[in-house]
Amino acid sequence: MSIILNHVAKSYDSAPVVRDISLEIQSGELFVLLGASGSGKSTLLRLIAGLIPLDAGSIELDGRDVTLQPPQARNTGFVFQNYSLFRHMTVAQNIEFGLEIRKVGRREREQRVDELLHLIDLDGLGKRMPSQLSGGQQQRVALARALAYQPSVLLLDEPFGALDVKIRSQLRQNLREIQRSLNVTAILVTHDQDEAFELADRIGIIEGGKLLEVGTPDALYRRPQKRFTATFLGATNLLVGQRNGTHVYIGEKSLLAPPNTEHLSGQLVEVLVRPEEVELALHADDLRGQLLGRGIVQETGFAGPVERVTVRLTDNNGGTPIQVLLSPGESRALTIEPQREVWVGLKDFHLLAREGAVPNKAYSVQSAK
């Protein structure tokens, strides 16, 4: 079932929460709304479910205008962060609740419960009470309850936010497998970037009630169109330069411009470089990418499978700090330590139209994760 939002808007006490959002989600797609707390993503999900009314715009589900229809007429399943299980009911009773109020026969209800318990890997636990389950098991029951009456659309509002890291990872895999096996169209709301990258077919970046950018995880991470997206999704270095002819000039350094950036010719730009795309060498000739300049290692930090390194450029970039990710082997080979002099190169970078940056200066940004 496809989902189409046409200029959807919602305000509370004259304060806009969702601002003129238009979006189309394809049938069978797992679409992730990614944004910080208070960005409007959960409100948008509730508008789609019909739990709150629109102020403006319309919503279509599989070509059917449901803008004025109640939740029960929209055929959507909703999974909340806090599980919202009925504490006085068994697991089986929770799962079959939606079927019972739809007057589905007992035998069909029991068969459906057994199928769903198997699907969520909780065979034989139908008679348990929610209090006898772990948090991860309770969330799986909530998912099964939402899927019991075979909704056309599955809506998930931060479903793993209350769980620890290991359980979240396991449940993400379960959710993706279930969503694909049932081919149900799903929208998941989260502020967790790792969750979005792992699950999404496409991601919508939402901030201040506005849908800023939509794309595949890879495209949004490597080739974003908005500065907010670039800095919100992981760590990044942003260098201010100018694209002229076939080159980008950062201070006195000249880099060959990436392909398909001719539309930025003659403009001030921001050069987006992810830390893993920066390389270090003891000799300039050893660099495989384009030479950016010389630098001095300022800090190093252990981060499990990688080492985080901060290098301050010493050439003509005003002491710009550059964030770098190295493997332990690379770090050992270069004997990376504070005050080590290195050459800095760029394996890959992306150009953004400048949004209020100061010409001829450079800087780096590392977003909090």
Side-chain angles (χ1 to χ4, degrees), residues 1 28-32 42 45-46 48-49 51 71-72 74-192 194-196 198-201:
M1 173 181 282
E29 185 176 17
L30 199 164
F31 188 90
V32 172
S42 292
L45 205 68
R46 284 165 168 75
I48 296 170
L51 300 178
Q72 60 270 23
R74 300 190 182 199
N75 197 27
T76 61
F78 207 112
V79 180
F80 298 90
Q81 179 177 344
N82 60 357
Y83 320 141
S84 298
L85 298 178
F86 300 116
R87 314 306 296 183
H88 63 287
M89 292 183 180
T90 65
V91 166
Q93 289 169 337
N94 266 281
I95 294 174
E96 70 178 350
F97 177 77
L99 298 173
E100 189 171 1
I101 63 175
R102 286 170 172 79
K103 309 298 183 183
V104 175
R106 177 182 295 275
R107 180 173 297 178
E108 186 177 344
R109 295 202 310 267
E110 292 176 348
Q111 180 180 353
R112 185 64 176 153
V113 168
D114 288 341
E115 290 173 353
L116 287 166
L117 284 174
H118 180 70
L119 189 65
I120 63 174
D121 199 24
L122 291 179
D123 296 278
L125 301 186
K127 294 182 179 180
R128 290 196 183 181
M129 306 300 290
S131 59
Q132 296 175 300
L133 302 179
S134 68
Q137 289 174 324
Q138 290 184 55
Q139 192 58 288
R140 277 186 274 170
V141 173
L143 176 60
R145 184 179 63 184
L147 292 169
Y149 52 90
Q150 298 177 311
S152 299
V153 176
L154 180 63
L155 306 173
L156 305 109
D157 190 4
E158 303 266 10
F160 312 128
L163 304 172
D164 64 44
V165 173
K166 184 176 181 179
I167 294 176
R168 282 206 307 267
S169 179
Q170 293 172 344
L171 286 184
R172 288 200 294 258
Q173 295 176 14
N174 292 153
L175 171 63
R176 195 54 165 137
E177 291 170 0
I178 291 170
Q179 186 267 336
R180 283 175 172 166
S181 67
L182 299 178
N183 196 35
V184 61
T185 306
I187 304 177
L188 181 141
V189 158
T190 185
H191 64 273
D192 187 317
D194 292 337
E195 193 165 283
E198 183 175 343
L199 289 173
D201 292 313

Smallest separation among heavy atoms of [X] and [Y], with atom names:
X    : Y    : value
A186 : L156 : CB-CD1, 4.3 Å
L116 : A144 : CD1-O, 3.5 Å
T90  : M129 : CG2-SD, 3.8 Å
S42  : V189 : OG-CG1, 3.8 Å

Using side-chain hydrogen bond (donor to acceptor under 3.5 Å, both in side chains) as the criterion, list what pairs up with [X], not counting sequence neighbours.
X    : answer
R128 : none
S169 : none
E198 : R172
D123 : H118

All side-chain contact (heavy atoms from CB on, under 4.5 Å) counterparts of [X], not counting sequence neighbours:
X    : result
N75  : Y149, P151, S152
R87  : L85, P130, S131, Q138
A200 : V32, I203, P217
E110 : R106

Donor + acceptor pair across side chains of T190, E195 (<3.5 Å):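 There is such a pair (donor and acceptor under 3.5 Å, judged by atom type) between the side chains of T190 and E195.
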
Side chains of R176 and Q179: any donor to acceptor distance under 3.5 Å?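 A pair is found: one side chain offers a donor N or O, the other an acceptor, under 3.5 Å apart.
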
What residues, two or more places apart in sequence or in another chain, satisfy ring-ring contact (aromatic ring centres under 6.0 Å, His included) together with F78?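 ring-ring contact (aromatic ring centres under 6.0 Å, His included) list for F78, sorted by chain: F80.
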
Can you tell me which residue among L147, L175, L143, L188 is in a side-chain contact (heavy atoms from CB on, under 4.5 Å) with V79?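 Single side-chain contact (heavy atoms from CB on, under 4.5 Å) partner of V79 among L147, L175, L143, L188: L143.
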
May I ask you to say whether D194 pairs ionically with R168, meaning some side-chain N is under 4.0 Å from a carboxylate O?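 Salt bridge between D194 and R168, a charged N being under 4.0 Å from a carboxylate O: no.
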
[X]: partners by salt bridge (charged side-chain N to carboxylate O under 4.0 Å, His left out), with sequence neighbours left out:
X    : answer
E100 : none
D114 : none
R74  : none

